[in-house]
Every structure is written in C-alpha cells, then in structure tokens.
Amino acid sequence: MVPAAGRGERLGPGAPKALRELGGVPLLVHAVRALTRSRAVGLVVVAAPADGVAEVVALLDSHGLEGKDIRVVAGGATRQESVRLGLAAIPAEVGIVLVHDAARPLVPVEVVDAVASAVRAGAEAVVPAVPLADTVKRVEPVPGGPEPVLDTPDRSTLRAVQTPQGFRRDTLAEVHAKALAEEAAADGGGLPPVTDDAGLVERFGGRVVVVPGHEEAFKVTRPLDLVLAEAVLARRRAADAY
C-alpha cells in the first residue's frame with residue numbers, strides 16, 4: 001500500500017510531492033515500480049488525493065504499469081486515514097501488508113523482500129532501518145532561540161527508520177481501529193502524534209522488529225533530497241541497474 005494523498009509542502013509550492021518528477025518520472029511511479037519488482041508483492045493499492053484518483057490512474061497507466069495488479073483509491077485528509085482507506089481496498093485473504101512512502105522512490109527490491117520475509121517468518125510488525133551517522137542531541141525546544149541540550153543518546157542504539165514497513169494484516173487493522181476509537185474519544189485532541197504505522201503498533205503494546213534498510217531508501221522531503229535522488233538514479237541508469 002502506498003499512501004500518496006499528501007501535498008509535501010517542504011518541497012515547495014506546486015504539485016503534490018508524490019507527483020514531483022525524478023528523472024522525468026513522478027516519485028509515485030518510481031515507488032510503485034520498486035514494490036512491483038518484488039515477487040513477494042502481488043497487489044499494490046495507492047491512496048491518491050480524493051480529487052485526483054482518475055489522474056493517478058492515468059499516470060500509472062501512461063508509465064507502463066497498467067499490466068500490473070494496481071488499484072487506486074481515494075485517500076484521506078491524513079496519512080493515517082489514507083492507510084485505513086487503502087487497507088479496506090485490500091482483499092480479505094491477503095494476510096501480509098506492506099506500507100510504503102511514495103517519497104521513497106529508490107528503495108532497493110532486497111529491502112522489500114527482507115521486510116516481507118520477516119513478517120512471513122512470524123513477526124507482527126517489521127521496519128527497515130539504518131544506523132545513524134551523526135551524533136544526536138535531545139534538546140528542550142525553544143522556538144527561535146538557543147535550545148538547551150538535555151542529553152546525548154547512545155548512537156549505537158538508534159536507527160533511522162525507512163519503508164516499506166510490513167505487518168500482519170490483522171495487526172495493522174486492529175491498531176488503526178484502536179487509533180480511530182481513541183481519536184473519537186479524545187474529540188480531536190490529546191493524542192501524541194504517530195508518524196508511522198509501526199508507531200501505532202508500539203502504542204498499543206505490539207512488538208516491532210528491525211531489519212537492515214538501505215542508504216538509497218531515503219525520503220525525498222526537501223529540494224536537496226531531490227538533487228541526491230537524481231544523482232542516485234543517474235548512477236543506476238549508467239550501470240543499467242534501473
């Protein structure tokens with residue numbers, strides 16, 4: 001599943017982030033292709049902007065993806081809602097679900113395979129991740145001013161999480177149902193933010209495990225990320241690896 005209904009304002013004004021181009025091809029197309037290269041993936045569901053479903057269908061068809069089992073559904077106002085809507089479009093007999101960011105267009109197929117394999121082997125939730133290269137400081141936020149350092153976490157215990165994240169289908173459905181119930185009970189406030197689906201599993205007491213990610217599975221969020229992605233893509237094409 002690829003939630004792709006957001007706008008991605010950090011890349012600047014213009015088209016939604018998933019439709020920005022990398023090497024002349026939208027990020028979303030790259031991300032969907034990356035998933036379809038894995039033999040573990042039999043279906044891709046894309047949650048598109050509610051007013052852009054037909055556009056996304058035409059986009060995927062125009063890039064040679066019409067022969068694959070790809071379905072496009074209307075996403076929601078939030079990533080969490082888009083995942084719920086995408087999950088509802090997946091046939092009930094599918095027992096393993098991968099959730100992948102459209103903004104990670106260059107994830108290697110071996111990462112997709114490793115995540116799916118770990119869920120198949122019995123894990124209820126799996127995330128690919130890489131060690132941190134930089135020292136990390138935990139600070140007391142001070143908008144616009146110097147921020148006091150609270151401590152320095154041990155970098156060896158930290159990982160930068162990527163996607164696709166993999167889940168047993170029943171686990172993913174259960175945590176999203178609980179999150180929806182919590183939102184309703186809180187009347188739109190009071191809940192700490194969760195930025196990925198594995199975070200929901202953690203919130204409700206589930207166990208998440210990590211498998212090795214890849215440095216090329218980085219997220220294209222800022223203009224500089226797009227420059228780096230262009231360089232990676234050019235290298236792959238020069239090596240006939242893409």
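Counting begins at 1 with the first residue of the sequence. Just so it is clear, the structure is predicted and the values come from calculations on it, not from any experiment.
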Would you give the length of the straight line joining atom [atom1] of [X] to atom [atom2] of [Y], rounded to the nearest 0.5 angstrom?
| X | Y | atom1 | atom2 | result |
| --- | --- | --- | --- | --- |
| Glu183 | His176 | CD | NE2 | 10.0 Å |
| Asp61 | His63 | CG | NE2 | 11.0 Å |
| Glu140 | Leu150 | CD | CG | 6.0 Å |
| Phe167 | Glu174 | CZ | CD | 13.0 Å |
| Asp170 | Arg168 | CG | CZ | 5.0 Å |
| Leu60 | Arg71 | CG | CZ | 14.0 Å |

* Asked: Between Lys178 and Glu182, is there a side-chain N and carboxylate O pair less than 4.0 Å apart?
  ->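 Judged by the 4.0 Å cut-off on N to carboxylate O distance, Lys178 and Glu182 do not form a salt bridge.
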* To do: Flag the pair Arg207 and Glu202 as a salt bridge only when some basic side-chain nitrogen lies within less than 4.0 angstrom of an acidic carboxylate oxygen.
  =>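 Salt bridge between Arg207 and Glu202, a charged N being under 4.0 Å from a carboxylate O: no.
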* To do: Output, in order, the C-alpha distance, side-chain angles, deciding distance and verdict of side-chain contact (heavy atoms from CB on, under 4.5 Å) for Val220 and Leu27.
  => CA-CA 9 Å; Val220 177; Leu27 295 177; 4.2 Å; yes
Search all heavy atoms of [X] against all heavy atoms of [Y] and return the closest pair with its distance.
| X | Y | result |
| --- | --- | --- |
| Ala74 | Leu85 | O-CD1, 3.4 Å |
| Val119 | Gly166 | CG2-C, 3.6 Å |
| Val107 | Pro164 | CG2-CD, 4.0 Å |
| Arg236 | Pro108 | NH2-CG, 4.1 Å |
| Val142 | Pro148 | CG2-CD, 3.8 Å |
| Val46 | Val56 | CG1-CG1, 4.2 Å |

Can you find a heavy atom in the side chain of [X] that is under 4.5 Å from one in the side chain of [Y]?
| X | Y | value |
| --- | --- | --- |
| Pro212 | Glu110 | no |
| Leu22 | Leu106 | yes |
| Val32 | Ile70 | yes |
| Pro26 | Leu59 | yes |
| Pro153 | Asp151 | yes |
| Gln80 | Leu200 | yes |
| Met1 | Val44 | no |
| Pro223 | Arg20 | no |

* After noting the C-alpha distance and the side-chain angles of Arg203 and Val175, does the key distance pass the side-chain contact (heavy atoms from CB on, under 4.5 Å) rule? -> CA-CA 8 Å; Arg203 172 183 284 176; Val175 298; over 6 Å; no
Would a single hydrophobic cluster contain both [Y] and [X], if residues Ile, Leu, Val, Met, Phe, Trp and Tyr are joined by side-chain heavy-atom contacts under 4.5 Å?
| X | Y | value |
| --- | --- | --- |
| Val94 | Val201 | yes |
| Leu98 | Val109 | no |
| Leu132 | Val130 | no |
| Val25 | Val2 | yes |

* With Gln165 as reference, evaluate Asp101, Asp197, Asp196 under the side-chain hydrogen bond (donor to acceptor under 3.5 Å, both in side chains) test and give the passing residue. =>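 It is Asp196, the one option of Asp101, Asp197, Asp196 that forms the side-chain hydrogen bond (donor to acceptor under 3.5 Å, both in side chains) with Gln165.
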Whether [X] side chain and [Y] backbone form a donor-acceptor pair below 3.5 Å:
| X | Y | answer |
| --- | --- | --- |
| Arg104 | Ala217 | yes |
| Arg169 | Leu87 | yes |
| Ser38 | Leu35 | no |
| Arg120 | Val115 | no |
| Glu81 | Ala77 | yes |
| Arg79 | Gly76 | no |
| Gln162 | His214 | yes |

* Could you walk me through whether Val45 and Val73 pass side-chain contact (heavy atoms from CB on, under 4.5 Å), step by step? => CA-CA 7 Å; Val45 173; Val73 300; 4.1 Å; yes
